Each structure stands twice: as C-alpha cells, then as structure tokens.
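First, the structure itself, so that you have it in front of you.
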Protein chains: 2
Amino acid sequence: MFKKILLVEDIDTISHGIAVKMKQEVGVVDIIIAQYCDNAYLKFIKAEKDQEPFDLLITDLSFKKDYRESTISSGEQLIKKLRDQNYNIPIIVYSIEERPSVIKKLMNWYGVSAYVFKGRNSVKSMINALKATKKKERFISAELSATLRKKEIFTLEEFDTILLLQLSKGNTQEEISVILKEKSISPSSLSSIEKRLNRLKEELKAKTTIQLVANAKDLGLI
Amino acid sequence: MFKKILLVEDIDTISHGIAVKMKQEVGVVDIIIAQYCDNAYLKFIKAEKDQEPFDLLITDLSFKKDYRESTISSGEQLIKKLRDQNYNIPIIVYSIEERPSVIKKLMNWYGVSAYVFKGRNSVKSMINALKATKKKERFISAELSATLRKKEIFTLEEFDTILLLQLSKGNTQEEISVILKEKSISPSSLSSIEKRLNRLKEELKAKTTIQLVANAKDLGLI
DNA sequence: TTTGTGGTTACGGGAAACCGTAAAAATGAA
DNA sequence: TTCATTTTTACGGTTTCCCGTAACCACAAA
C-alpha cells in the first residue's frame with residue numbers, strides 16, 4: 001500500500017479522522033497533513049527535491065480563507081499546478097462537491113484517479129479509492145456515480161449568469177437592458193432579456209422570476 | 001468531564017476525528033455517533049427512558065439527504081424539538097455555518113451553550129467549548145466572535161419568514177394573500193403584504209423584491 | 001437569387017407589483 | 001366607556017413585468 005501520503009484538508013477534525021482510519025484500516029505509514037494549498041505545494045516540491053517523494057496526494061477542493069494570503073486557493077488550482085509541471089502523482093479528491101461538471105473536469109482533464117464524496121460512508125469509499133488507485137484503476141463514490149450518469153448537466157451561459165446576478169443585485173429588467181447596452185453586450189433588448197428569463201424559468205422550473213433567482217442561488221449557479 | 005456524549009454528524013471522517021480527539025485530549029468516556037437527526041432523536045429519547053441520559057449533545061447543523069426519508073432534517077430542527085419538550089441538555093453546535101443571524105438565533109432562542117466553527121483549529125475550539133460548557137459558561141470560536149460583534153444582527157418575525165419563503169417558492173403576492181387567509185393568519189391583505197415587504201426592503205437595503213429574497217437567502221434568513 | 005432558420009428587436013395589451021392615501025378595525029390607556 | 005394610537009384593509013393610479021405577435025437581420029443551403 002502507499003507509504004507516504006500528502007493529505008490536503010483545512011478542517012482539522014477531518015484530516016485527523018482520515019489519518020487515524022487510514023493507519024488503522026490500510027496500514028499507511030506516513031501521512032503528512034497540509035491545511036493550506038500553498039503549504040501543500042511547498043511540501044510536495046521539497047519532498048521531490050529531497051528524493052523522498054510522496055506516492056499519493058489526497059486533497060479537498062475548497063478551502064476557507066483566513067488572514068493568510070494564498071496564491072493557490074483551491075484544490076483544483078493545486079492539481080492544475082502540479083499537472084502543468086508534469087508531476088504524475090496519483091490524486092484522490094475528497095470533497096463535498098457533487099456537481100457533475102466539476103467532477104468530470106477533474107477526472108477527465110487532470111487525470112484524477114479517484115473521487116471520494118464527503119458523506120456517511122466516506123471512510124469505506126476512501127479505502128476503496130486507495131485500493132483502486134494502487135491497481136491503477138479509477139474510483140468514484142457510489143453516491144455520485146449514479147448522478148454522474150443520469151443527470152445531464154445544466155450549466156448557465158455567461159449571459160444567463162449576468163442576468164441572474166443583476167436581478168439579484170436589485171436591477172430591473174429595463175435597467176439591465178441599459179447596462180448591457182453600455183457594456184455593448186449583445187443581446188441587450190428588453191425582449192431578449194424577457195425571452196431568456198422565460199427559458200431559464202422553464203429549465204429551472206420556476207413560476208416567477210423571484211423563484212428563478214432563489215432556485216439559482218440554491219443550485220449554486222450564482 | 002462529560003461522561004456520555006451524543007454526537008450528531010453525518011460525515012464519518014469528522015465524527016471519527018472528533019471522537020478520537022475527545023477521548024485522547026479530554027478523557028471523554030462514551031461518545032455515541034448518530035449520522036441522521038431522526039436517529040439521534042431516537043437515541044436521545046431511549047437514553048432518557050432507560051435512565052441513562054446523555055449529558056452533552058454535539059451536533060452539526062446541515063445534513064445530506066439520501067434515500068432515507070427523514071422527519072428531522074437539520075440540526076436546528078433537532079434542537080428545537082428537544083427544547084420544545086423541555087430537555088435542557090447542554091448543546092454544542094459544530095458547523096461550517098458562519099452567518100451571524102443563524103448563530104445568534106441558536107444561542108439566544110435555543111440556549112445553545114457553545115458554537116464551534118468547523119475550521120483549521122476546531123479541535124482546540126471544541127476542547128475549550130467542552131470546558132466552558134462544563135463550567136456553565138458560553139463559548140464561541142474565535143474566528144466567529146469578531147464577526148458576531150461587528151455586524152448587528154437582524155432577525156425576522158414569523159410573518160416575514162412566511163412571506164419570503166412563499167415568494168421564493170414562486171407564489172405571487174396575491175396568491176400569498178389567499179394562502180394567509182386560508183390559514184387564517186393575520187394580517188393577510190395585499191396591502192399589508194406590500195407594506196411589510198417595503199419595510200423589509202428598507203431593512204435589508206434591497207431595491208427590488210428579487211434582491212430582497214436573494215439577500216435573505218445570503219443571510220440565511222430563509 | 002430565393003428560401004429558410006435562428007437570433008434579436010419592437011410593440012401592445014393584460015397582469016402583477018408598486019406607491020400613496022384614506023377608511024376601518026383593533027389595541028391600550030385614562 | 002372614550003379617546004388616541006397602531007394595525008389592517010381598501011382603493012386608485014402608475015410602473016414594471018409578462019407574453020404573444022411581428023418585423024428585422026445575418027447567415028447558410030438550395
């Protein structure tokens with residue numbers, strides 16, 4: 001099994017929980033914890049230079065901001081940075097993120113080997129992810145594999161995002177029309193705005209514009 | 001220190017992490033973990049009946065939904081249910097929630113004794129929370145106490161909450177008026193609804209009703 | 001060229017929201 | 001009880017939103 005693991009996770013109880021369980025259940029020897037992405041990157045590079053590289057990276061995606069300023073602020077950025085420098089270390093992502101588009105991107109673009117969902121069975125999932133990764137196989141938590149297959153992904157175009165954001169900022173449709181014209185974004189007419197909002201209402205099953213914005217907020221689209 | 005603790009937390013790595021650390025650092029004897037609120041409630045009641053009650057409740061606020069159907073779906077609902085039945089067990093909330101209104105509500109309305117923020121230092125915070133609770137003192141994580149003092153908090157009356165919720169569900173003001181009349185909630189006239197919405201818009205600095213609902217969502221008021 | 005298609009814009013009528021005013025009802029104190 | 005104050009309701013006028021229709025434009029296929 002893996003000997004030296006770099007675990008990137010900001011919430012301390014989670015990293016402790018993982019470390020303990022991994023040692024108990026899988027016999028991992030050495031787990032180094034980093035609470036910031038920047039810190040993780042430095043540790044990774046240092047280990048490479050010292051000829052004592054990590055053989056697995058487990059990372060969260062989102063990290064809380066605090067007083068420290070950071071250049072790498074998300075797990076995705078960390079992964080990208082490593083891949084851009086041609087480090088092919090196997091990576092397991094451990095996150096509450098469940099939007100298919102995000103997961104697909106990680107698996108397909110960055111060659112992440114496993115995606116473990118932070119949930120009620122994540123210890124078992126993590127063990128399976130480790131085993132699969134060891135065998136150079138892919139792994140995705142059971143809770144997600146279903147939704148990944150089923151749900152077609154619904155993403156907003158830039159224009160839709162602008163509309164919803166402007167509405168949530170308190171601008172009327174007419175004001176938005178003016179703003180769009182000023183920025184010379186096309187389309188900008190009131191009609192087009194209305195039409196687009198209608199389409200969005202259908203897609204997000206909203207009766208009123210208020211509900212549309214509320215739903216968009218719930219789904220994390222804005 | 002506390003002898004028998006009920007820990008309500010859905011993500012298994014977190015509950016493991018807490019359990020391990022609490023036993024190591026504070027010498028807690030017995031930690032029972034519940035991954036669902038319903039389950040937690042049942043365990044709590046059973047312990048009371050068996051004359052072996054818990055002497056502390058530690059709970060998360062938000063829980064993932066899965067195939068199981070649940071009647072209590074959030075930590076707040078669980079707390080409310082216990083308090084409504086006059087159980088005065090000390091409660092520590094452990095959550096990533098950082099909106100002041102939510103925290104204030106828990107501390108003031110439900111008499112939660114400590115609020116621990118899920119972050120990089122939450123183990124230490126949790127230990128301090130336990131100590132404070134033992135001494136019947138209050139405790140709030142350092143990261144939060146600052147923001148709590150600064151921002152003055154705005155809490156809604158029940159009527160306001162109904163309005164905003166109905167709006168976010170896609171009902172028009174007229175429909176809401178009908179609904180209120182059916183439930184014989186006073187006031188129920190369109191005029192009163194309009195007036196109340198105007199007041200809310202002022203208080204939440206919203207230009208439009210859409211922004212009002214969006215802001216309310218951001219602040220965790222609905 | 002014509003024709004068709006997809007996207008944008010313009011416009012008009014009806015619905016809902018917005019805003020001010022005033023009457024009616026409820027509340028509370030003397 | 002009376003009187004004053006607050007809350008709730010009713011109503012009319014204006015704005016914004018909503019929705020259908022139709023014109024306009026660019027582009028591509030025939």
Side-chain angles (χ1 to χ4, degrees), chain A residues 152-219 221-222, chain B residues 109 152 154-219 221-222:
Chain A
E152 78 199 72
I153 294 99
F154 179 73
T155 47
L156 295 182
E157 296 176 28
E158 167 140 23
F159 186 75
D160 302 321
T161 312
I162 296 177
L163 283 192
L164 295 175
L165 270 179
Q166 287 294 335
L167 284 175
S168 72
K169 275 194 201 168
N171 288 318
T172 66
Q173 297 179 18
E174 203 160 358
E175 287 168 338
I176 296 175
S177 171
V178 173
I179 293 173
L180 290 173
K181 281 186 175 64
E182 281 172 357
K183 295 188 181 176
S184 44
I185 293 174
S186 169
S188 64
S189 72
L190 200 55
S191 286
S192 293
I193 294 175
E194 290 170 355
K195 191 175 260 180
R196 199 62 83 99
L197 286 178
N198 277 329
R199 216 175 69 190
L200 286 172
K201 276 185 227 169
E202 269 195 24
E203 282 167 337
L204 293 188
K205 297 182 200 349
K207 277 156 61 187
T208 64
T209 311
I210 294 179
Q211 188 183 14
L212 173 64
V213 173
N215 289 352
K217 272 206 166 295
D218 283 340
L219 293 173
L221 300 174
I222 56 172
Chain B
W109 291 20
E152 88 194 62
F154 178 74
T155 48
L156 296 182
E157 296 176 29
E158 167 140 23
F159 185 75
D160 301 320
T161 311
I162 295 176
L163 283 191
L164 295 175
L165 268 179
Q166 288 294 335
L167 285 174
S168 72
K169 276 193 199 167
N171 288 317
T172 66
Q173 297 179 19
E174 203 159 358
E175 287 168 339
I176 296 174
S177 171
V178 173
I179 292 172
L180 290 173
K181 282 187 175 65
E182 281 171 357
K183 295 187 181 175
S184 44
I185 294 175
S186 170
S188 65
S189 73
L190 200 56
S191 286
S192 293
I193 293 174
E194 289 171 355
K195 189 173 261 180
R196 199 62 84 99
L197 286 177
N198 277 331
R199 215 176 69 191
L200 286 172
K201 276 185 227 169
E202 270 196 24
E203 283 167 336
L204 293 189
K205 299 182 198 350
K207 277 157 59 188
T208 64
T209 312
I210 294 179
Q211 187 183 14
L212 174 63
V213 173
N215 289 352
K217 271 204 168 295
D218 283 340
L219 294 172
L221 301 173
I222 55 173

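Here the structure is a predicted model, which means the values were calculated and not measured.
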Please determine whether the number of non-hydrogen atoms from other residues, nucleotides or ligands lying under 6.0 Å from atom NZ of A:Lys217 exceeds 12.
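Yes.
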
Any non-hydrogen side-chain atom of B:Ile162 less than 4.5 Å from a side-chain atom of B:Glu158?
yes

Can you tell me how far C1' of D:dC17 sits from CG of A:Leu197, to the nearest Å?
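Answer to the nearest Å: 10 Å.
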
Measuring only between side-chain heavy atoms, which start at C-beta, is A:Asp160 closer than 4.5 Å to A:Glu157?
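A:Asp160 vs A:Glu157: side chains touch.
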
Between the two ends of the helix from C:dT1-D:dA30 to C:dA30-D:dT1, what is the bend in degrees, rounded to 10 degrees, where each end axis spans five pairs?
20°

Looking at B:Ser177 and B:Ser189, would you say the former's side chain and the latter's main chain have a donor-acceptor pair under 3.5 Å?
no

Between A:Asn171 and A:Val178, does the side-chain contact (heavy atoms from CB on, under 4.5 Å) criterion hold? Intermediate values first, please.
CA-CA 10 Å; A:Asn171 288 318; A:Val178 173; over 6 Å; no

Measure CD1/A:Ile210 against P/D:dT16 and give the value in whole Å, please.
16 Å

In whole Å, I'd like the distance from the CZ atom of A:Arg199 to the C1' atom of D:dC18.
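In whole Å, D:dC18 C1' lies 18 Å from A:Arg199 CZ.
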
Closest nucleotide of DNA chain D for B:Leu190 versus for A:Glu174: which of these residues is on the 5' side?
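Whichever sits nearer the 5' end wins; that is B:Leu190.
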
Check this for me: does the side-chain of A:Glu194 come within 3.5 Å of the base of D:dC19 through a donor and an acceptor?
yes

With heavy atoms under 4.0 Å as the rule, sort A:Thr209 into base, sugar-phosphate or nothing.
sugar-phosphate

Whole angstroms only, please: what is the CD1-P distance between B:Ile185 and D:dT9?
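Going from CD1 in B:Ile185 over to P in D:dT9 covers 12 Å.
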
Over how many whole Å does the gap from B:Gln173 atom CD to D:dA10 atom P extend?
16 Å

Between A:Glu194 and A:Arg199, is a salt bridge (Lys or Arg N to Asp or Glu O under 4.0 Å) present by the stated rule, with each step listed?
CA-CA 9 Å; A:Glu194 290 170 355; A:Arg199 216 175 69 190; over 6 Å; no

Has B:Ser192 got a side-chain N or O lying under 4.0 Å from the OP1 or OP2 atom of D:dT9?
yes

Quick one, A:Thr208 and B:Leu167 - any side-chain contact, counting heavy atoms below 4.5 Å?
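They are not in contact (no side-chain heavy atoms under 4.5 Å apart), so the answer is no.
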
By the 4.0 Å heavy-atom rule, please label B:Lys201 as base, sugar-phosphate, or nothing.
sugar-phosphate

With a 4.0 Å cutoff (strictly under), does any side-chain N or O of A:Asn198 reach OP1 or OP2 of D:dC18?
no

For B:Ile193 and B:Gln173, the nearest pair of non-hydrogen atoms, with its separation, is CD1-O, 3.6 Å

What nucleic acid atoms does A:Ser191 come within less than 4.0 Å of, heavy atoms only: base, sugar-phosphate, or nothing?
base

Output the rounded distance in Å from CG (A:Leu200) to P (D:dC19).
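Roughly 14 Å, once rounded to whole Å.
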
Counting the atoms with a prime plus P, OP1 and OP2 as sugar-phosphate, which does B:Thr172 contact under 4.0 Å by heavy atoms, base, sugar-phosphate, or nothing?
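The residue B:Thr172 makes sugar-phosphate contact but no base contact.
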
Taking the side chain from B:Asn215 and the backbone from B:Leu212, do they hold a donor-acceptor pair closer than 3.5 Å?
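Not confirmed, B:Asn215 side chain does not pair with B:Leu212 backbone.
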
Extract, from 5' to 3' on DNA chain C, the first and final nucleotides lying under 4.0 angstrom from some heavy atom of chain B.
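Reading along DNA chain C, I get C:dA16 to C:dC19.
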
